[in-house]
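Position 1 is the first residue of the sequence; numbering continues from there. Source: prediction; values computed, not measured.
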Amino acid sequence: MRQYVAAAMTGLMLLGGQIYQMALRFGVEGLHPRSDLMQRQIASELMSQPGFIAAIASFALFAIVSHLLLTVGAMWVYRRACVLTMPARRDAFWYSMFFVTAAVMLAMFANRWLFPLSASVTSVELLMVQRLSPLLIGGCIVVVVGALLVSLYSLLRRRRALVVGASVIMLVIGLGAWGKNEGVREDAGRRNPDVIILGVDSLRPDYLSSYGEFPGDLAPSIEKALSSAVVMDDVRTPLARTFVSYNSTLTGMNPIKHGARFNLYPRTEFSRDKNLAWELKKSGYFTMLAMDESRFANFDQSFGFDRTVTPVVGAIDFVVGGSFDFVATNLVLAALPASDLLSAIQGNRAAYRSYRSVDHTQRVIAGLRRVPTSSPLFLVSHLCLPHWPYLPGKVTEDNSLGWVGKLHGYEDSSSQYLNAVKEADRQFDSLIQELRRLKRLDNAILIIMSDHGEDFAMKRDLLNVAGTGERVGYYGHGSFALSDVQNHVVMGIQRFRNGLPVWQHRRVYGAGSLIDVAPTIADLVGLDVGRYEGISWLSSIRNHQDLPFGRIRFVENGLRSAGVERAHINEHEVAQEMSYLYRITKDGRFEIRPELLPGKLRGKQRGALLGKLGVMTDPVSDNAPGAAGCWRVVDYEKRTIGCTGFPSSEPDVAKLQHAVCEYYRQEEGFENAWCRGGGAAAFQPPISSS
């Protein structure tokens, strides 16, 4: 008994040490006013929501049980193995504790190998890089694995009938699951087409050979899908943030029309019942959404989806998903099949330290197999790996992508971003293969897209500041409304009949927008397209024409943060800077505080694009590094940026300025501040730190 008690105490001490390290990472004792405010909010909600308390308690219990399973289980292995090898040492306390220590060290090594971004026990990395480390790791493997095999053999000898019976049952179950052709449509050709949207977060078109610049094969599965599709050359997102971008995709409207102006926009401020998902659902479609991130893109069934495959939506994701990173729990999760029950910490991109790319795709595939075969499917799938922090938790640095840095114009590519794109491509391949197996691509409309690009202030993307000789660059996405890189999205579309593409592969030029996706799909399935702000591409595709070049497209930016708009994001600094913006709602979700919206909306950049020219307002605010407080003008052909008055002396610039003023004139205070030649001072939000 003393051995088991000591093993249990060892497991609890291991967990306690990791919790202390986690507290140090996120700050303790309310050292920062803004993070302290959020901590008080969470504490208040924990006290008032029994369900929330139960959820936190269940995760805490899972952490405790996992660590006890590691150490107490190691003690059981030791004692069982001693029955056959060292009967006299079975009750030896220090021998047994030495074995438990070896098992814990091996678990730490395994966690660091499987999850290189894990911060649970960072000091173990020092033990893995010493000259004698191979001997230490090898010794732990020999001792622990050897004892485990001996203990299993001992158990098998004594429980032979039970083990054989269980093996036969598992074999029968496995053969039954393998033989069942679950979810396969038998008569796809006689029904409305399935509508499949496969999106990849932050995927830049200029890293795909399908767009003509990149001479490599970074994402072969995505490239293969695009190579048989109609590729839209110049499609822009109206706002380069996932939640707003997909709202525009589904509603066919710009943010000012559909009402969701930022990520985590209060749900009372916009409608969720007027989008393509609801329209298709009313037409008999089974609608499904799949995303491996729900922290800032918190879609759910209220947006018209019959089924959602996402991490648990709400404050529990913030509290648990970003911090639940422990040695034993990580190893248990790696061994367990993906499940919705554990989605806050399994296959959740927000829990990136222990993220495994296979978990999310397993859940999506399981969800697809449960879709009624009698219904056409509307699927929106979005893979978030190429979003910060980019590098997937499953793999280490991949030197096989070193060739990208040798390409002209790509020398300063982010290796972590490249690795993330490569891993997301594997996820994409798993999904598209399953869709083919289920015959969901026999009669279908397939769209391959990204929600926005990603800016790294690369040399190829820098702008020359007019009259100064200075060059400026930007970081992330949604930070600069006129960023060519942040707004340009991947877009390929194809219509399949009898499993074969209907349209010839080609590249369509002209001005497109994500608000065109919904009317194009509606046009293809015979729904009304008149309710959308966007335009249908169907006529241009069928008639082998380009899209209109003289179209004005409107753009905005999202919430800005000095801690995010930099080469290396500091999570702790961002939390201090941004946490005061949000509140927890009664249903346990995070959203922007409604009382802060007027100031944040005043601080928005609002602009328009036409051809090679872009203009926007650039108001100064508390979280807007580099804002000029003027009308900005970007010439994408000359790669220049500068300020201008209103109206500009350049006719083309003045035309765009007037278009922006007309489009946003309903915004309170906007016209007076920006469109009457009086400067922008009247439109500046108060500079505040709270």
Side-chain angles (χ1 to χ4, degrees), residues 114-118 197-208 216-223 225-226 240-243 245-246 263 289-297 299 309-311 317 321-322 325 330 333-334 338 343-365 380-398 400-401 404 413-434 448-456 476-478 486 489-490 564 569 571:
L114 289 171
F115 306 103
L117 296 184
S118 173
I197 296 178
L198 299 181
V200 181
D201 204 295
S202 307
L203 182 59
R204 292 173 51 144
D206 60 342
Y207 276 87
L208 297 174
D217 201 13
L218 175 63
S221 295
I222 295 172
E223 295 278 28
L226 289 173
R241 293 284 166 86
T242 301
F243 182 64
S245 182
Y246 269 96
N263 283 349
L289 173 93
M291 288 187 176
D292 54 351
E293 197 278 340
S294 62
R295 183 167 292 194
F296 293 101
F299 290 98
V309 181
T310 67
D317 187 13
D325 170 33
N330 289 346
L333 289 173
S343 65
I345 52 176
Q346 190 183 45
N348 182 355
R349 190 68 184 102
Y352 68 90
R353 297 183 187 278
S354 57
Y355 177 86
R356 294 196 318 156
S357 57
V358 296
D359 290 332
H360 174 67
T361 51
Q362 285 177 358
R363 288 216 309 273
V364 178
I365 288 172
V380 178
S381 167
H382 187 66
L383 303 171
C384 294
L385 260 177
H387 190 285
W388 182 89
Y390 314 118
L391 183 67
K394 178 186 172 185
V395 296
T396 54
E397 188 74 13
D398 190 343
S400 67
L401 297 176
V404 177
S413 295
S414 165
S415 60
Q416 289 188 334
Y417 175 74
L418 298 176
N419 274 282
V421 170
K422 184 176 180 180
E423 187 66 17
D425 184 70
R426 295 191 182 102
Q427 293 179 304
F428 180 93
D429 185 65
S430 297
L431 295 181
I432 207 162
Q433 292 298 337
E434 181 64 19
I448 304 105
M449 60 172 278
S450 56
D451 54 343
H452 51 73
E454 189 77 353
D455 219 335
F456 299 100
H477 52 268
Q486 296 178 31
V489 303
V490 175
V564 171
I569 296 175
E571 292 178 81

Legend entry - Set of side-chain contact (heavy atoms from CB on, under 4.5 Å) partners for S413, sequence neighbours left out: Y207, V404, Y410, L418, M458
Inset, instruction - Answer yes or no for R353 and F115: cation-pi contact, defined as NZ/CZ to six-membered ring centre under 6.0 Å and angle to ring axis within 45°. - result: no
Legend entry - Minimal non-hydrogen separation, V200 against A424, with atom names: CG1-CB, 4.3 Å
Legend entry - OG-CG distance between S343 and D359, expressed to the nearest 0.5 angstrom: 11.0 Å
Inset, instruction - Please identify each residue that fulfils ring-ring contact (aromatic ring centres under 6.0 Å, His included) with H452, with sequence neighbours left out. - result: H477
Inset, instruction - Determine, step by step, whether N330 and L114 satisfy the side-chain contact (heavy atoms from CB on, under 4.5 Å) criterion, reporting the C-alpha distance in whole Å, the side-chain angles of both residues, the deciding distance to 0.1 Å, and the verdict. - result: CA-CA 9 Å; N330 289 346; L114 289 171; over 6 Å; no
Inset, instruction - Provide the closest heavy-atom pair for D201 versus H387 in the form atom of the first, atom of the second, distance. - result: OD1-CD2, 3.5 Å
Inset, instruction - Mark yes or no for whether D451, through its side chain, and S202, through its backbone, hold a donor-acceptor pair below 3.5 Å. - result: yes
Inset, instruction - Check for a donor-acceptor pair, side chain of R204 on one end and backbone N or O of G453 on the other, with a separation under 3.5 Å. - result: no
Inset, instruction - Output the distance between atom CG (N419) and atom OG (S414), rounded to the nearest 0.5 Å. - result: 8.5 Å
Inset, instruction - Could you tell me which residues satisfy side-chain contact (heavy atoms from CB on, under 4.5 Å) with E223, sequence neighbours excluded, listed by chain and number? - result: L208, S209, S210, D217
Legend entry - Shortest non-hydrogen contact between A290 and H360, atoms and distance: C-CE1, 4.1 Å
Inset, instruction - Give, for atom CD of Q433 and atom CZ of F428, the distance between the pair rounded to the nearest 0.5 Å. - result: 10.0 Å
Legend entry - Polar contact flag, side-chain donor to acceptor under 3.5 angstrom, D325-S118: yes
Legend entry - Inter-residue atom distance L383.CG - L198.CG, 0.5 Å rounding: 8.0 Å
Legend entry - F296 and T242: CA distance, side-chain angles, deciding distance, side-chain contact (heavy atoms from CB on, under 4.5 Å) verdict: CA-CA 8 Å; F296 293 101; T242 301; over 6 Å; no
Legend entry - Q427 side chain vs S357 backbone, donor-acceptor pair below 3.5 Å: yes
Inset, instruction - Show the numbers, then the answer: is there a side-chain contact (heavy atoms from CB on, under 4.5 Å) between M449 and Y246? - result: CA-CA 11 Å; M449 60 172 278; Y246 269 96; 4.1 Å; yes
Inset, instruction - With rounding to the nearest 0.5 Å, note down the distance linking CD in E293 to NE2 in H382. - result: 8.0 Å
Inset, instruction - Specify the closest pair of heavy atoms between L203 and Y417, including all atoms of both residues, with the distance to one decimal. - result: CA-OH, 3.5 Å
Legend entry - V421 versus A219, closest heavy-atom pair with distance: CG1-CB, 4.2 Å
Legend entry - Set of ring-ring contact (aromatic ring centres under 6.0 Å, His included) partners for F299, sequence neighbours left out: F243, F303
Inset, instruction - For I432 and S221, run side-chain contact (heavy atoms from CB on, under 4.5 Å): C-alpha distance rounded to whole Å, both residues' side-chain angles, the deciding distance at 0.1 Å, then the answer. - result: CA-CA 9 Å; I432 207 162; S221 295; 5.7 Å; no
Legend entry - Side-chain donor or acceptor of Q486 paired with backbone N/O of G478 under 3.5 Å: yes
Legend entry - Donor-acceptor under 3.5 Å (T310 side chain, M291 main chain): no
Inset, instruction - Just jot down the salt bridge (Lys or Arg N to Asp or Glu O under 4.0 Å) partners of D425, sequence neighbours excluded, or say none. - result: none
Legend entry - Sequence-distant partners of D429, salt bridge (Lys or Arg N to Asp or Glu O under 4.0 Å), two or more places apart: none
Legend entry - Short side-chain to backbone donor-acceptor contact, R363 and V309, under 3.5 Å: no
